[in-house]
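Below you'll find the structure, written out as structure tokens, and then a few comments.
Atoms within a ligand are numbered from 1 in the order they appear, just like the ligands themselves.
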Amino acid sequence: MLPETLIWLLNAALVLAQSRQQVALNSFLSLNTQSLSSSSFLLPSASNLSISVALCSGNLGSATTRFFVTNASTTVDPGPQGGTDVFEIDVGNGLGIFSGTFPNGGILAVDKGDESLSFQIGASDNGPLLETLETLPLFGDSTANQVLLFSPPFDPPSISDPSFPNYTLPIPGLDAPSPPSSSPNFTLVIAPTSASTPLTSLQQTACMISSQTSSGRIANQSLWLRDSDGWRTQWILEGLNPQTNYTAYVVQDSTKLSGPIYFTTKTPAFDCPLVASLPYCPKISYAIPLATPQTDLSVYDSRSIPSSISDPLIGYLRNFTKSLSTFACGRDYYSPLQTCADCQREYQTWLCTISFPRCGEASPSASASSRSLQRRNGDQAVLAVPALASQSKGDPSRNSNFPAFGSSYQLLLPCIETCFAADRACPSFLGFGCPDVNYNANVSYAVGFIDKIKTTKERSGLTGAAQDRYGNVWCNSGGGDPL
Ligand SMILES: *[C@@H]1O[C@H](CO)[C@@H](O)[C@H](O)[C@H]1NC(C)=O
Ligand SMILES: *[C@@H]1O[C@H](CO)[C@@H](O)[C@H](O)[C@H]1NC(C)=O
Ligand SMILES: *[C@@H]1O[C@H](CO)[C@@H](O)[C@H](O)[C@H]1NC(C)=O
Ligand SMILES: *[C@@H]1O[C@H](CO)[C@@H](O)[C@H](O)[C@H]1NC(C)=O
Ligand SMILES: *[C@@H]1O[C@H](CO)[C@@H](O)[C@H](O)[C@H]1NC(C)=O
Ligand SMILES: *[C@@H]1O[C@H](CO)[C@@H](O)[C@H](O)[C@H]1NC(C)=O
Ligand SMILES: *[C@@H]1O[C@H](CO)[C@@H](O)[C@H](O)[C@H]1NC(C)=O
Ligand SMILES: *[C@@H]1O[C@H](CO)[C@@H](O)[C@H](O)[C@H]1NC(C)=O
């Protein structure tokens, strides 16, 4: 005779088999362990099916509910007892993914724990439906109570460099390209890193994070083509607290999670306003030493930037492009690696970086130890303080077209790598040159942060990058250095 429990299990399996809900291909279900009509689900058949399970409630690691999947032809629920082609989906970080071949469909079973748990299950034949994105959101810059943030990129522009005999370089001008007609639906969620329940302590899933209240007010949300990585949603947030470390996530289409990144707001004394959305300098999105504009947003864009700053800059770009075009671009080569279009791009990045001086601030609350970082090569931790130069009230600006700023401020020096990149990319007849790192380059540039001086190994410098995901910004790369 069969033991009673086994009979019960068999009966349960038969009953459940009738009432199992089907997960349709390329869709997901939102469920709760308290209100399941059946604790197992039928999965569609596919040659490479990705099953994703996202936990939508509770703290990381708090769930005792387990998820089992089988791709065998069976009517028995998979479970902790195992069996042929029975797999557990590990939801340790809140998200679990299983990919495999499901020739005859399969079954996903929920082995309920003690808690009331909200969760989602998705099935898809083109990659997981619920997932964590590898690309992070991008921090532009902050003031005491505002921040400029960007979603991960999408829709990279098709860059087809011009070719001989019609090697026409576009003249950078005043018009921004028009945004794509459809875009992912990105939502931003930020909260103080030191909140009583930090976002990072929750299940790391899109459904969990997007259920949280976000700090600040979105003052403007627009699509912006920063660089060749593609379009991004650009947010200008207001109403943040000064001198606070924030955690930021971006949720794409309610199903995909990007982040976290961290950033800090400046002290109340910081009075440089932000600038963004400049078609001729699309990567420039940071605080500049210019009187706060009297516009609704108090953020500079191409409409409010004084023409005494933008006109000469556009003039330089045009004249440079004209001089560059005197070279037989695309027919003769000055380098096996670089083209005239590369030269134009790098020159533009460099020109924008030095034309828009950037304000910075040493992270005031961060202790020496939290500002230090572990070198990737395993060297002992080094202390990396941002490359700041103190400017007194009334000092002439580094860009003579900027009026002197009305208060003292800290200038965040441009990373010298932006200059080297233009130097490398451009033909020598243009006479472009960078200051000598052995002499006084460190007066006008941040030297040795990204690349080590006198080595050719890239990113071997003190920090290896202009900024990191933890809110440290060491030098001004003109936005050319997304993570
Ligand atoms: C089930 O998936 C596993 C892992 O992908 C695979 O090795 C196995 O062959 C699959 N079983 C069937 C019946 O397709
Ligand atoms: C199945 O899909 C996953 C997710 O897209 C992918 O990582 C994996 O390589 C695919 N497997 C096969 C055998 O194609
Ligand atoms: C040269 O290329 C530009 C930009 O791609 C295009 O607008 C122009 O019509 C082309 N001219 C000729 C003669 O093909
Ligand atoms: C985008 O997502 C948010 C939050 O999930 C939702 O409220 C909004 O309606 C969505 N917008 C569009 C255009 O789908
Ligand atoms: C948001 O910013 C974009 C780009 O600067 C601008 O075109 C748009 O008018 C702004 N929207 C609002 C409501 O200010
Ligand atoms: C661009 O070149 C023209 C003609 O050579 C010159 O008049 C003008 O001053 C130049 N513009 C800038 C910003 O250098
Ligand atoms: C620049 O470097 C020189 C020697 O390498 C050093 O003596 C000087 O203090 C540095 N100046 C600044 C502003 O860091
Ligand atoms: C912000 O908080 C995170 C998480 O605690 C930390 O790793 C990071 O160093 C902090 N950033 C700054 C600039 O203090």
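- Atom CH2 of Trp235 is separated from atom CH2 of Trp224 by 16.0 Å, given to the nearest 0.5 angstrom.
- Of the candidates Thr200, Thr193, Asn245, Asn245 brings a heavy atom nearest to atom 1 (C) of ligand 8.
- In this structure, the protein non-hydrogen atom closest to atom 6 (C) of ligand 1 is Asn71 ND2, 4.2 Å.
- A distance-only check finds no donor-acceptor pair linking the side chain of Tyr246 to the backbone of Ile261 [under 3.5 Å].
- Regarding atom 9 (O) of ligand 1, its nearest protein heavy-atom neighbour is Thr101 CG2, 4.5 Å.
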Worked verdict on Tyr470 versus Phe263 for ring pair (Phe, Tyr, Trp, His ring centres under 6.0 Å): CA-CA 6 Å; Tyr470 301 102; Phe263 67 87; over 10 Å; no
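- Each of the following atoms of ligand 2 lies closer than 4.0 Å to a heavy atom of Gly127: 4 (C), 5 (O).
- In terms of N/O distances under 3.5 Å, ligand 2 is approached by Asn48.
- Looking only at heavy atoms of the protein, atom 14 (O) of ligand 1 is closest to Pro103 CD, 3.3 Å.
- Taking CG of Leu462 as the start and CD1 of Ile450 as the end, the distance is 11.0 Å to the nearest 0.5 Å.
- Within the 4.5 Å cutoff, the side chain of Leu413 has heavy atoms near those of the Arg398 side chain.
- For atom 11 (N) of ligand 2, a protein heavy-atom neighbour is found at a distance under 4.0 Å.
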Let's go through Ser407 and Asp271 carefully: what are the C-alpha distance in whole Å and the side-chain angles of both, what is the deciding distance for side-chain hydrogen bond (donor to acceptor under 3.5 Å, both in side chains) to 0.1 Å, and is it a yes or a no? CA-CA 8 Å; Ser407 56; Asp271 51 6; 3.0 Å; yes
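- Remark: ligand 8 atoms within the under-4.0 Å shell around heavy atoms of Thr264 are 12 (C), 13 (C).
- Any N or O atom pair closer than 3.5 Å counts here, and Tyr470 shares at least one such pair with ligand 8.
- Taking atom 7 (O) of ligand 1 as the reference point, the nearest protein heavy-atom neighbour is Asp85 OD1, 4.8 Å.
- One finds the CG atom of Leu129 at 11.5 Å from the CD1 atom of Ile121 (value rounded to the nearest 0.5 Å).
- Heavy atoms of Phe87 approach ligand 1 to within less than 4.0 angstrom.
- Atoms of ligand 1 found under 4.0 Å from any heavy atom of Gly100, numbered from 1 in the order shown, are 5 (O).
- Cation-pi geometry between Arg226 and Phe150 is satisfied (NZ or CZ under 6.0 Å from the ring centre, within 45° of the ring normal).
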